[in-house]
Every structure is written in structure tokens, then in C-alpha cells.
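Here's the structure, in C-alpha cells; my notes come after.
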There are 2 protein chains.
Amino acid sequence: MRDVARLAGVSVATVSAVVNGSVPVSAERTRKVRDAMDALDYHPDHVARSLKTGRTNVIAMVIPDITNVFFPELVRGAEEAANQAGYSVILCDSNEDPAQERRHLDTLFARRVDGVLIACTDASTAYESLVRRRFPIVFVDRLPQGLAVSAVSTDNVDAGYQAARHLIDLGHERIAIVTGNLRLSTHAGRLEGFRRAMQEHHLPVRDEYVRVGDLQASTGYRFGLELLGLDPPPTGLISSNNRMLLGLMRAIRELSLPCPEQVSVIGFDDPVWTGNFSPRLTTLAQPTYEIGRCAFAMLQRRMRGEPEAPGVGEVSLLKAELRVRESTAASPSREGEMLRPAVSI
Amino acid sequence: MRDVARLAGVSVATVSAVVNGSVPVSAERTRKVRDAMDALDYHPDHVARSLKTGRTNVIAMVIPDITNVFFPELVRGAEEAANQAGYSVILCDSNEDPAQERRHLDTLFARRVDGVLIACTDASTAYESLVRRRFPIVFVDRLPQGLAVSAVSTDNVDAGYQAARHLIDLGHERIAIVTGNLRLSTHAGRLEGFRRAMQEHHLPVRDEYVRVGDLQASTGYRFGLELLGLDPPPTGLISSNNRMLLGLMRAIRELSLPCPEQVSVIGFDDPVWTGNFSPRLTTLAQPTYEIGRCAFAMLQRRMRGEPEAPGVGEVSLLKAELRVRESTAASPSREGEMLRPAVSI
DNA sequence: CTGTTAGCGCATTCAT
DNA sequence: ATGAATGCGCTAACAG
């Protein structure tokens with residue numbers, strides 16, 4: 001910058017002024033400065049700038065597993081919005097490990113990121129001090145319990161309700177659900193919605209029909225085998241997670257159970273490949289990309305200092321969309337009856 | 001830091017010394033400093049440190065599309081390795097757009113990242129000046145043409161060869177391939193391997209059997225319909241890309257062509273869901289995670305200043321692994337003949 | 001071993 | 001409208 005100033009025959013302050021447009025500079029000098037910048041291939045040093053201004057224009061996104069199809073879409077939404085606003089984003093994969101998550105948060109803090117977007121891991125409390133300190137942080141997808149925070153997520157209770165309701169409308173009465181750890185707000189919410197729908201229709205929720213496990217396909221497979229081996233077996237299956245859904249489908253296939261004739265299945269998340277299954281899968285599609293964008297927008301408000309409503313936080317819940325395909329059909333016990341027909345997409 | 005020094009009754013230099021362990025400090029003072037740090041909840045400011053040292057301990061990873069299953073795995077490998085070495089990683093999605101890629105590179109440079117890992121987009125030349133300037137950059141997966149660079153990728157020629165060879169061994173003679181833009185080294189390589197195998201076995205490669213398009217499922221679908229409508233149609237299909245494979249399978253299904261009886265299919269990349277298709281998909285699995293790790297390791301060597309061999313660059317090619325499942329079988333024209341049996345996994 | 005000091009590159013007063 | 005000077009928080013000489 002000194003060199004640029006010298007070459008342009010002005011002071012460093014003037015260079016700074018034209019770079020930032022903070023103060024008016026005469027046209028002629030502006031031109032000279034720009035020429036000098038080009039000639040010297042000068043690029044303002046963001047590090048120095050950050051030290052001075054206290055802002056880095058960097059945010060971080062910490063997520064539990066980039067390898068789960070849900071998150072890349074989320075990251076993309078947030079990253080695009082962030083980039084458009086002049087922010088870069090540091091990606092931190094916590095690998096579903098609270099300790100790892102805390103380490104990430106610590107280094108992020110040391111790096112002076114301007115804000116963080118986080119899909120928190122089970123049992124983590126690393127962020128409590130952050131929200132208490134009013135550090136700009138907004139939670140995405142997974143929300144912490146008992147904390148008044150800024151957050152954006154799918155309306156999971158509604159989504160769980162929709163899933164159950166779809167099966168109920170098809171005449172199913174014995175419906176089972178496989179979910180992830182219930183300390184994760186997403187799974188707790190979906191289960192709650194499921195229960196609510198069942199209760200509304202005076203349908204029992206048998207304990208053996210609710211299976212809680214980790215988010216692996218292998219677990220879904222095991223649960224599928226177990227559930228379908230029950231007497232009586234469920235005629236409807238809901239998977240609260242896309243990986244477990246894979247396992248569920250594998251179990252059904254190995255059991256040679258006709259789907260949807262004998263058992264209907266509905267899953268969460270709607271990656272392209274759901275349309276390649278036989279049968280094509282009925283799913284609840286989350287507005288993942290949109291959640292990412294909204295989350296960044298909200299974070300920006302926090303970074304600007306706009307406060308959330310005190311004590312409650314600002315949480316924005318987006319609706320999931322039911323996509324009816326071929327894996328759900330009328331309950332075998334109601335075959336031939338007149339049921340509300342599902343609209344296929 | 002001043003406060004910490006004051007509280008501990010030492011100088012800032014001493015504080016710096018205990019924080020960095022750069023210079024020995026007496027046990028007693030060390031303890032005092034640590035206590036003061038805790039008491040004040042002091043966290044060293046990486047920004048200031050970077051300004052001073054000229055190193056940020058941040059690298060960037062620029063990729064064309066986080067939404068393609070291949071990349072999350074790659075990112076994870078690189079990120080884990082980077083984190084273990086004390087680096088954070090900025091993620092930049094270029095969205096397959098050279099202009100976007102260049103913008104990213106510019107801001108990354110301004111941010112003084114210590115190095116970058118890049119899967120370059122077609123037609124991009126944004127990085128030429130970087131490699132010429134000897135900026136630490138290593139290319140992953142997709143390599144630029146005609147530049148001596150550091151890179152790690154799958155051995156795509158070998159992988160394409162393996163794919164074709166597998167079908168040839170099964171007796172197929174009419175084999176078609178769908179690939180992405182051939183300016184992408186990955187697709188060019190796979191096609192080359194395919195051609196080589198065909199040539200070695202004196203099999204013709206008909207022009208209509210080579211389809212080059214973008215990386216979308218819809219394109220794969222269209223190509224599938226077109227290829228299978230040819231007279232004579234191919235009995236073996238290779239997809240150079242995981243998304244196009246999805247489209248291919250959809251086309252086969254809509255045509256009600258029995259797979260693998262009438263047509264064998266083999267694809268690239270091996271995400272979990274390949275095992276959920278009917279039939280289960282034969283694929284070439286890339287060592288994606290490993291590529292990410294290797295790439296970071298190589299980048300670290302560049303950042304340390306260890307030079308690559310002049311004029312050639314250091315490129316490390318990892319082998320893909322053929323996973324034979326159910327979507328490939330003996331060519332219908334050779335039904336009943338004795339063929340080398342494939343080992344199923 | 002420890003303290004003092006001089007910048008790293010920039011944005012921002014405050015004069016002019 | 002412009003320039004000179006100050007310091008952001010830290011590390012790396014250097015002197016003790």
C-alpha cells in the first residue's frame with residue numbers, strides 16, 4: 001500500500017479511501033491510485049484490515065456430518081448467501097462428536113469469525129457461553145434444548161405429523177417409526193408429530209413400533225428386520241432419517257415383502273436417488289437449501305446487532321413437503337375399500 | 001494480552017512465550033500466566049498473530065459442486081487432515097462456473113490463506129498465475145491441462161480401463177459410455193481408458209456409443225433412451241459420473257429392459273445407495289476420502305516450501321476399485337458360454 | 001530466562 | 001479533499 005501511494009503520488013490514507021470508498025476522493029487521484037494498484041498487482045490485505053476493524057468477514061458453519069446428503073444442500077444455501085454478502089465460510093465437521101464441536105468453536109472464536117451457523121451435535125453445550133455472551137450464532141436444522149436462541153429449521157413436528165397422517169389416510173393403523181437419538185430436536189420433533197397424528201385418530205402407538213438408534217443404514221436395516229418380524233407386523237413404516245431409510249428398504253427387500261402392497265414406507269429427505277428405487281420412494285422433502293439461505297440472513301441480522309426478542313429468540317420454521325410416489329399405498333387390511341386417493345407426483 | 005501480562009506480573013513477551021511454547025519459561029511463571037489467562041478468559045487473537053507471522057493457518061478448498069456425492073467425502077478427508085495439522089478450511093463452491101472460481105481465488109488470495117486445494121472447473125485458467133507464482137496449490141480430482149502442477153486424483157485412465165475390461169471379460173462387444181465434458185481430466189481419462197481396453201481387444205468403438213454431456217441425471221436419462229434405441233443397441237453401458245448413472249437406470253427401467261440380462265451397467269463412485277438399487281449396482285469406487293487426505297499432505301509439503309520436481313509437478317494417482325454387484329452380467333449374445341466368472345461382493 | 005521494542009498492513013482520527 | 005500520525009494484538013529480535 002505504501003508502494004501504491006508512492007507510485008500514485010498520494011498518501012496511504014488516500015489509497016485507503018479509494019479502496020474503501022469511505023471518503024470522497026477527486027476523480028483524477030482516484031484514477032492514479034487505481035492505475036498504481038493495477039501496475040503493482042496490489043491486493044488489500046484482509047488480515048490487516050480485520051485487525052484494524054475487528055471484523056473478518058468470515059463466518060463458520062459447523063455441521064455434524066457433511067457426508068449425510070442433507071448437509072451439502074444446507075451448506076450450499078448458506079454459502080451462496082454468505083458469498084453474496086461478501087463473507088467467506090469456514091466449514092467445520094464435528095463428526096457428531098461434542099468434543100470435536102467444542103474444539104471447533106474454540107478455534108473459531110480465536111479466529112475472530114464474525115458469526116457462526118451451527119447444526120449442533122447431541123449433548124453439546126459448547127455454545128451456551130456463546131449465546132450468553134450474545135455472540136452472533138444461529139442454529140440450523142438441529143436446535144439446542146432449553147435455550148432461547150436464533151434458529152431456522154424445518155417444522156419437524158408438522159413434518160412428522162404429515163408423514164403419519166399420509167399413512168393414516170391410506171388406512172394404515174399399525175405404523176412404526178425409526179428415528180435418531182431423541183436429544184436431537186429434529187428426531188424428537190418428528191416423533192412428536194407422529195404421536196400427535198396417531199392420537200388424533202385414536203390409533204395406538206405400540207412401544208415396539210418406535211425404534212430409536214443412530215443414523216446409520218445398518219441400524220435401519222436391523223430395525224427393519226426386527227419390526228417386520230413382529231407379530232403383528234406394522235403395515236406402515238416411517239424413517240426419520242435418510243440413511244436409516246436405506247437400511248429399511250434393504251430389509252424389506254431381503255424379506256421379499258412386497259412394497260407397497262404389504263408394507264408402505266415413507267422417509268425423510270428427498271435426494272435424487274429416491275426416484276430410482278423400486279418402488280419409487282414417498283418422502284418428506286425439507287426445504288434444505290432455503291434453510292441455509294434463511295439461516296445466513298438471520299445471522300446477518302445478529303451480526304448487525306439487531307437483537308432477537310429477549311428471552312425467546314427468533315426461530316423460523318419452514319414446512320416440509322410431502323412427495324407421494326410409489327412406496328406408500330392403501331393398507332393391506334383395507335384393500336378394496338374406498339380411500340382418499342393419493343396424488344402422485 | 002496486556003491484561004494477562006499485568007495480572008500475572010510478567011511482560012507480554014512472556015505471555016506470548018507460554019502461549020506458543022517458543023521459548024522456555026520457568027514453571028512458576030508459566031503457571032501464573034495460565035491462571036491469568038483462565039481468569040480473564042483470554043484467547044489469543046489469530047488475526048493479529050497472522051498479521052505478524054504472515055501465516056494464517058487457513059487453507060481453502062474450492063470445489064465445483066458440494067451437492068455431488070463425490071465431493072463431501074473428499075472435503076471430509078481434506079478437512080480432517082487439515083484440522084489435525086492445525087488448519088481451518090474455507091469452503092468455496094464454484095458451482096461449475098469459471099468466473100465464480102476466479103472470484104473465489106481472488107478473495108482467498110486477499111485473505112492470505114496459506115494454500116488451496118482445488119478441483120478445477122472446466123475452462124478455468126484462474127490458477128495459472130498462482131502456480132506460476134509458486135503459491136501453494138494442489139489440484140484434486142480434476143487436473144488442469146498442460147500445466148506442471150501438484151495434484152492427487154484417481155487414476156482415471158486405469159479406472160476407465162477396468163470398467164471396460166470388466167464388461168469385455170463378460171463377453172460384451174457393443175459397449176457404450178456416457179461421460180461429462182472432456183475438458184475435465186477425469187472424464188477424458190476414463191474415456192481414454194475405455195478406448196484403450198476396447199482397442200486391446202480389437203473391439204470397435206462406434207461414435208454413437210460415446211455420449212458426452214453435462215453431469216446431470218436428466219442428461220443421463222436422455223442418453224440412456226437414445227443409446228438403447230440404437231440399432232443395434234449396446235449391451236454394456238458405462239457411466240463416467242454418478243448422477244448420469246441415475247438417469248441411465250431410469251431410462252432402462254422405463255424401457256422395461258431387464259438389467260443385467262439385456263444390458264449391463266457399470267458406474268463411477270460408490271455411495272451407499274448403489275446397494276439399494278434393483279439390481280444392485282456394479283461400480284468403480286474411488287478412494288475419495290484418501291484423496292482428500294493425500295491432497296492435504298501434499299499441500300502441506302508445498303506450504304513448507306518443499307519444491308515439486310521442476311517442470312513436471314508431483315502428481316499422485318490412486319487406483320479405483322471395481323465392485324462387482326448385480327448390474328453387470330454376461331452379454332446376452334454369449335449366454336451359456338463359459339466366461340470368466342465375476343466375484344461378487 | 002525475561003523485558004523492551006519495533007513493526008506486520010491497514011483504517012481512522014485530526015489537522016490542514 | 002488530503003496527509004500525518006496513531007494503534008489494532010501479536011511475535012521476534014535484541015538486550016539484559
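Naming convention: chains lettered A, B, ... in sequence-line order (proteins, then strands); numbering from 1 in each chain.
For Ala48(B), the listed nucleotide lying nearest its side chain is dG9(D); candidates were dG9(D), dC10(C), dG3(D). Looking at the side chain of Asp45(B), the nearest of the listed nucleotides dA4(D), dT2(C), dG9(D) is dG9(D).
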Quick one: do Asp114(A) and Arg304(A) satisfy salt bridge (Lys or Arg N to Asp or Glu O under 4.0 Å)? Show the steps, please. CA-CA 10 Å; Asp114(A) 291 343; Arg304(A) 286 203 191 105; over 6 Å; no
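A straight line from CG of Leu51(A) to C1' of dT11(D) spans 13 Å, rounded to a whole angstrom. In this structure, the CG atom of Asn20(A) is 9 Å from the C1' atom of dC10(C), given to the nearest Å. If you measure from atom CE of Met1(B) to atom P of dT4(C), you get 13 Å, rounded to the nearest angstrom.
Crowding of Glu28(A) atom CD: a count of heavy atoms from other residues, nucleotides or ligands under 6.0 Å not exceeding 12.
Distances shown here put every side-chain N or O of Arg29(A) at or beyond 4.0 Å from the OP1 or OP2 atom of dA1(D). At the phosphate of dG3(C), OP1 or OP2 sits under 4.0 Å from a side-chain N or O atom of Thr14(B). For dT11(D), the OP1/OP2 oxygens have a side-chain nitrogen or oxygen of Ser16(B) closer than 4.0 Å. In terms of phosphate contacts, Arg49(A) brings no side-chain nitrogen or oxygen within less than 4.0 Å of OP1 or OP2 of dT12(C).
Contact annotation for Val25(A): backbone-only contact, meaning every heavy-atom pair under 4.0 Å involves sugar-phosphate atoms and none involves a base. Nucleic acid contact for Val47(A): none, since no nucleic acid atom lies under 4.0 Å from a heavy atom of the residue. Residue-level contact check: Ser26(B) touches the backbone only, with heavy atoms under 4.0 Å from sugar-phosphate atoms and none from bases. Among the protein residues, Arg2(A) comes within range of no part of the nucleic acid, since none of its heavy atoms lies under 4.0 Å from any strand.
Between the side chain of Lys52(A) and the base of dG7(D), a donor-acceptor pair under 3.5 Å is found.
Ile63(A) places a side-chain heavy atom less than 4.5 Å from the side chain of Met61(A).
A donor-acceptor contact closer than 3.5 angstrom is absent between the side chains of Ser185(A) and Arg142(A).
The cationic group of Arg133(B) lies under 6.0 Å from the six-membered ring centre of Phe109(B) and within 45° of the ring axis, placing it in a cation-pi geometry.
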